[in-house]
Undergrad: 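Pasting a structure here, questions to come.
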Amino acid sequence: MSTAPTTKGIRVDQFFTVAEARLDRWREFLQSARAWANTTAQPQLSAVSAAFQELREWEDFFAYPGPALLQRLEERITASDAAGTARLVQSISTALLTHSYRNDPTNWGSDETPPSLGERIPGAAEAGRSYRAYFEVLVASPATPSMSLQLAEDLRNLRRPQDKFIYEPVFVGSFEDAVMGTVLNGSLEAIVIVEGIPFESRHNSPVLREFLTNHLAATGNTLTSGQYSLALAKAVKLIRPELDVFLLSDRSVEKIAGDVSLDYIRRVFYQVEEPLELHLSILEAIQDRYTTPYFDNLQKYAQRPIGTFHALPVARGKSIFKSNWIRDMGEFYGTNLFLAESSATTGGLDSLLEPTGNIKIAQEKAARAFGADHVFFVTNGTSTSNKMVEQALLAPGDIMIVDRNCHKSHHYGAVLSGALPLYVEAYPLTKYSMYGAVPLRTIKKALLDLKAEGKLDRARMLVLTNCTFDGQIYNTERIMEECLAIKPDLIFLWDEAWFGFARWSPFYRRRTAMGGAAILEEKLKDPAYRKAYEEQAKKLGSDLNPKDSKLLETHLLANPEKVHLRVYQTNSTHKSMSCLRQGSMVLVKDQDYHHVEEQFHEAVFTHASTSPNLQIIATIDVARRQMELEGYELVNRAIQLALDLRREVNSHPLISKYFKILGADEMIPAEFRTTGFVDYLTPGSNWTTAVKTLREDEFALDVTRLTLVCGSAGFDGTQFKNMLAADYDIQLNKTSRNSVLLQTNINNTRSDIAQLIKVLVEISRGIERKLTEGGAAAQLAFAKQVKSLMEDVPNLPNFSYFHASFRQNPSSSTGEGDMRSAFFGAYREEQCEHLKLSSPEIDQRLRKGPELVSANFVIPYPPGFPIMVPGQVITAETIEFMRKLDVKEIHGFDASTGLKLLKPSYLMAMKPPARPEAAKEVKKKAAA
Ligand SMILES: Cc1ncc(COP(=O)(O)O)c(C=O)c1O
């Protein structure tokens, strides 16, 4: 992968994962060194020197191979020792590729010079030593290189055999280089800032500078002159909040230590007077992140001889390992699974329902890691997390503004809580038979309409999916800010089932629930914001007039005096982190949480199993540890792989004839990309445009969600998915009529991507063959199939409206409905009827009435959203969609019995609408 800067700026895919780009650079260097060794010709030497120089610029930010080995390489090149150069490059690049340098001390020396004692990295290779995790520490210091070498030596000499981790320092000399190091080096876990560092990098590379500028811009860093050490600490935390920051100062360290605004600095030292303390503090800080209270204890528990007299035969596994018939179960799962199972909450196992011990501490650690105030571990998936939050915070009659296209758990959450869903619509992507996300304007309009009707006090929660299954990411901060301008105590539930990993990317973090809330919290404290709000209030009035059409066009500012920031996030930890299936979390950042804590616990009691799976709890704990220690590197790699896959598919001469991965331009309508962003990899796009879209646009696309259009290859989504699974052992999840969704995550490797590309080539070749061999007839049939899949797509029906019987106040023109009553209305058979989808009575009733009212949820997969909910009036569009639907899996619908409806006689017996013309208004609005 070339890293040369272009005049148009750096391409995004060149830098997302520096680790991969770095390995590529070493491989290229190795190739030229080998070529030189084979010919020793002058042009080869120039190529080697050039490759070395390019590489050197970047290597300053990593501990390995480090200055000593790089110098040895330089000497060999200067001495025209081609064979020696090739040998050394080979051993360094192998060590980098396999990560062996983290544990093997011999990697740190060259073939003729073994590592000196000071350079030794004692690790697993040493006899009798168990594996020690390796990391690097960035030291930003104005010291001279020789002083730095001395400090490195001092720190190495402090290593003790009992240390659990081992680290190497990396020295940089300026603010800019420290930021670069933070961005580039995924092995960094801590940074030591020595006061007095200058600002400017000694690297005068435009590539590095652009890289730096964009990273700072992505995280909202603004540079201040003067106090570079503190500004650096802040910049580092904005990029990678998990890193530990230590400050070495010669000023009044007591004052700095006592300054609460500097709580992002873990410890302050008076210069380097105490290297041992610094060393121990670095290790202790890592231990803090490494500790997984629940998992650690579970491992200890599994090793104890425990007699069990509770009801869980698999605990300790004796019924399995001694069995005549099920021993294979024990062999398959291994002993630990059973030794670590218990239904007891004693023995330090703590109780998920009422945590007071290590689960409590594990949850506190997760809260710190994810930037929340509180975290709840959930062992029944985000389906349960969502219902918990909704039951805890919504009471019957409250209004819940919710994306109709959201996960079904939210619809059931409304049934359980008795809250009235007010459905808001996402923009449709009809061409691909899927929905996008809900525009801010739609949400504001819903709130203003409620205000106009005097019902704003009942609007309690906004529920949105961020990002959506297909990758539309909201501008969380902007949405919350503008909604709070209208309803200052609105609660936000961001369903980030798919987006838990985003916390670990500096690009995505600001668009997560917790990231957006943190930015907004800071903003609201800023006197300049208050002033801007006051200015706006003078123009618009402090109590916004909901009829004022300007409000929809204006970027509304929230009143800092009145805002109650109440933000909840749910995430399926198992979907994007190393956690067993069903592991999920609820994150809470709610300034009024103390008012709802009790009811929150009630909701936990309602939904959490009294027999939670201990392995799920343990792996949520471990997933947090992993993300806090290596999430940054892993997420960057997942993003890089997604960019690689996008580029390869869309530029491959054969694959791109039949397949295409959709870019932001096709997934997000232009009106929501006001920065003019087209896509990450289109010509003209670069770092600057990518960062801008993530900062400013209403919606941005998560690159790790890849919608692969397969309709143009003649396959419908389900057919293509099944073929990949059956013929190529490739699994994926979501499909639409003409596409499948591919995802990359922290588990994927470059080999996975290569395999997928190979398969797509094979399939494309198969299509070509069929078309050539089959002649005109085959080509015609193919074109017809493609047209049917790509052009004859059914319109996606919007939510129609709730039947007047389920509208609490039918005089209202807002669309919320009492779905719960409709849901339970269907519990009595005599109140329901069934009509077959093809029955002429349906058409007749659509024309003449009485209205067809759904008795239950009907959810076809794909697209996976309820096209009917209990109490919803079924319209001609819905029937048309259902009739065209050619999917096999439709939850809530059995073709042999037909649509389940609430009987008109039952509806008539319910309270009649108070003002029928208002109900008509709702209908009219829905139709529009
Ligand atoms: C947006 C969304 N929320 C919630 C869930 C439910 O998550 P879980 O499978 O962890 O129960 C899903 C599942 O696909 C989802 O897509």
Side-chain angles (χ1 to χ4, degrees), residues 393-404 414 418-427 438-464 478-493 533 536-559 561-564 566 698 798-819 871-873 911-928:
L393 303 173
L394 294 166
D398 284 347
I399 295 171
M400 160 194 188
I401 303 174
V402 53
D403 176 2
R404 194 272 305 241
L420 313 182
L422 170 49
Y423 287 117
V424 280
E425 294 288 347
Y427 51 80
V438 185
L440 173 57
R441 192 187 168 89
T442 307
I443 300 166
K444 280 166 73 176
K445 172 103 175 56
L447 281 168
L448 291 168
D449 286 350
L450 288 168
K451 184 167 183 174
E453 295 238 348
K455 288 194 290 199
L456 197 56
D457 58 323
R458 285 173 45 212
R460 201 158 157 79
M461 184 185 272
L462 172 66
V463 181
L464 294 171
R478 173 85 183 265
I479 300 247
M480 293 194 280
E481 179 186 30
E482 293 216 40
C483 289
L484 290 171
I486 302 170
K487 175 86 176 25
D489 59 355
L490 189 67
I491 303 172
F492 300 91
L493 169 55
Y533 164 75
Q536 189 176 81
K538 267 189 226 152
K539 287 192 207 124
L540 300 174
S542 55
D543 183 27
L544 301 174
N545 172 5
K547 298 264 189 262
D548 183 350
S549 59
K550 280 200 296 298
L551 300 189
L552 289 177
E553 318 304 330
T554 309
H555 178 156
L556 299 176
L557 305 181
N559 183 349
E561 290 291 325
K562 290 208 171 147
V563 164
H564 287 237
R566 312 194 62 183
E698 185 164 346
N798 274 352
F799 178 75
S800 53
Y801 51 93
F802 282 109
H803 187 264
S805 310
F806 302 111
R807 299 188 29 77
Q808 253 189 358
N809 172 9
S811 339
S812 150
S813 64
T814 59
E816 74 279 4
D818 179 8
M819 192 161 73
Q872 176 184 342
V873 174
K911 194 166 55 128
R915 198 165 66 85
E917 69 276 15
K920 270 192 212 134
E921 232 172 85
V922 176
K923 271 191 220 174
K924 229 168 64 199
K925 259 174 125 178

Undergrad: Atom NZ of Lys445 and atom CD1 of Ile486: how far apart are they, to the nearest 0.5 Å?
TA: 11.0 Å
Undergrad: If you measure only the distance, is there a donor-acceptor pair under 3.5 Å linking the side chains of Gln536 and His555?
TA: no
Undergrad: Can you tell me how far CG of Leu422 sits from OG of Ser812, rounded to the nearest 0.5 angstrom?
TA: 9.0 Å
Undergrad: If we count only N and O atoms by modelled type, under 3.5 Å, do the side chains of Thr814 and Glu453 hold a donor and an acceptor together?
TA: no
Undergrad: Give the minimum heavy-atom separation between Pro546 and Leu448, together with the two atoms involved.
TA: CB-O, 3.3 Å
Undergrad: Please evaluate residues Lys451 and Asp449 with respect to the criterion salt bridge (Lys or Arg N to Asp or Glu O under 4.0 Å), reporting the C-alpha separation (whole Å), side-chain torsions for both, the decisive distance (0.1 Å), and the verdict.
TA: CA-CA 5 Å; Lys451 184 167 183 174; Asp449 286 350; over 6 Å; no
Undergrad: Once rounded to the nearest 0.5 Å, what's the spacing between atom CD1 of Ile491 and atom CE of Met461?
TA: 5.0 Å
Undergrad: Do Leu447 and Leu456 have side-chain heavy atoms sitting under 4.5 Å apart?
TA: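 Yes; the side chains approach each other to less than 4.5 Å.
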Undergrad: Could you tell me the separation between the CD atom of Glu553 and the CG atom of Asp548, rounded to the nearest 0.5 Å?
TA: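 Answer rounded to 0.5 Å: 10.0 Å.
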Undergrad: Which atoms form the tightest heavy-atom contact between Pro488 and Lys562, and what is the distance?
TA: CB-O, 3.6 Å
Undergrad: Are Gln872 and Arg404 linked by a side-chain donor-acceptor pair shorter than 3.5 Å?
TA: no
Undergrad: Name all residues meeting the salt bridge (Lys or Arg N to Asp or Glu O under 4.0 Å) criterion together with Asp457; count only those two or more places apart in sequence or in a different chain, and write none if there are none.
TA: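 In terms of salt bridge (Lys or Arg N to Asp or Glu O under 4.0 Å), with neighbours along the sequence ignored, Asp457 is linked to no residue.
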Undergrad: Work out which heavy atom in Val563 is nearest to a heavy atom in Ala558; give both atom names and the distance.
TA: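 Looks like CG2-CB, 3.6 Å.
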Undergrad: Please tell me if the side chains of Thr442 and Glu425 come closer than 4.5 Å, counting only heavy atoms from C-beta onward.
TA: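 Of all side-chain heavy-atom pairs linking Glu425 with Thr442, none is under 4.5 Å.
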Undergrad: Please name the pair of heavy atoms, one in Ala446 and one in Val424, separated by the smallest distance, quoted to 0.1 Å.
TA: CB-CG1, 4.0 Å
Undergrad: Are any non-hydrogen side-chain atoms of Leu540 and Lys550 less than 4.5 angstrom apart?
TA: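 Yes, at least one pair of side-chain atoms sits under 4.5 Å.
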Undergrad: Just jot down the ring pair (Phe, Tyr, Trp, His ring centres under 6.0 Å) partners of Tyr533, sequence neighbours excluded, or say none.
TA: none
Undergrad: Taking all heavy atoms of Ile443 and all of Val438, pick out the closest pair and write down the distance.
TA: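 The pair with the smallest heavy-atom distance is CG1-CG1, 3.7 Å.
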Undergrad: Is there a side-chain contact between Lys455 and Gln808 in this structure, where contact means two heavy atoms from C-beta onward sitting under 4.5 Å apart?
TA: no
Undergrad: When you compare the side chain of Ile401 with that of Leu450, does any pair of heavy atoms fall below 4.5 Å?
TA: yes
Undergrad: Report yes if some heavy atom in the side chain of Leu493 is under 4.5 Å from a heavy atom in the side chain of Leu393; otherwise report no.
TA: no
Undergrad: Quick check for you: to the nearest 0.5 Å, what is the distance between Asp398 atom CG and Leu420 atom CG?
TA: 8.0 Å
Undergrad: Indicate yes or no for a side-chain donor-acceptor contact from Arg478 to the backbone of Glu698 under 3.5 Å, with no hydrogens or angles considered.
TA: no
Undergrad: Under 3.5 Å, is there a donor-acceptor pair between the side chain of Arg807 and the main chain of Glu816?
TA: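 Flag set: sc Arg807 to bb Glu816 pair under 3.5 Å.
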Undergrad: Does Lys539 have any salt bridge (Lys or Arg N to Asp or Glu O under 4.0 Å) partners at least two apart in sequence or in another chain, and if so, which?
TA: none
Undergrad: Hey, what do you get for CZ (Phe802) to CE (Met819), rounding to the nearest 0.5 Å?
TA: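 Those atoms lie 5.5 Å apart.
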Undergrad: For residues Ala485 and Leu544, report the shortest heavy-atom separation together with the two atoms involved.
TA: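 Heavy atoms only, the tightest pair is O-CD1, 3.6 Å.
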Undergrad: Would a 4.5 Å heavy-atom cut-off, applied to side chains only, mark Glu481 and Leu557 as touching?
TA: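 A side-chain contact exists here, since the closest heavy-atom pair is under 4.5 Å.
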Undergrad: Is a donor on one side and an acceptor on the other found under 3.5 Å between the side chain of Ser800 and the backbone of Val873?
TA: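 It does hold such a pair.
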Undergrad: Does Lys444 use its side chain to pair, donor to acceptor, with the backbone of Leu551 at less than 3.5 Å?
TA: yes
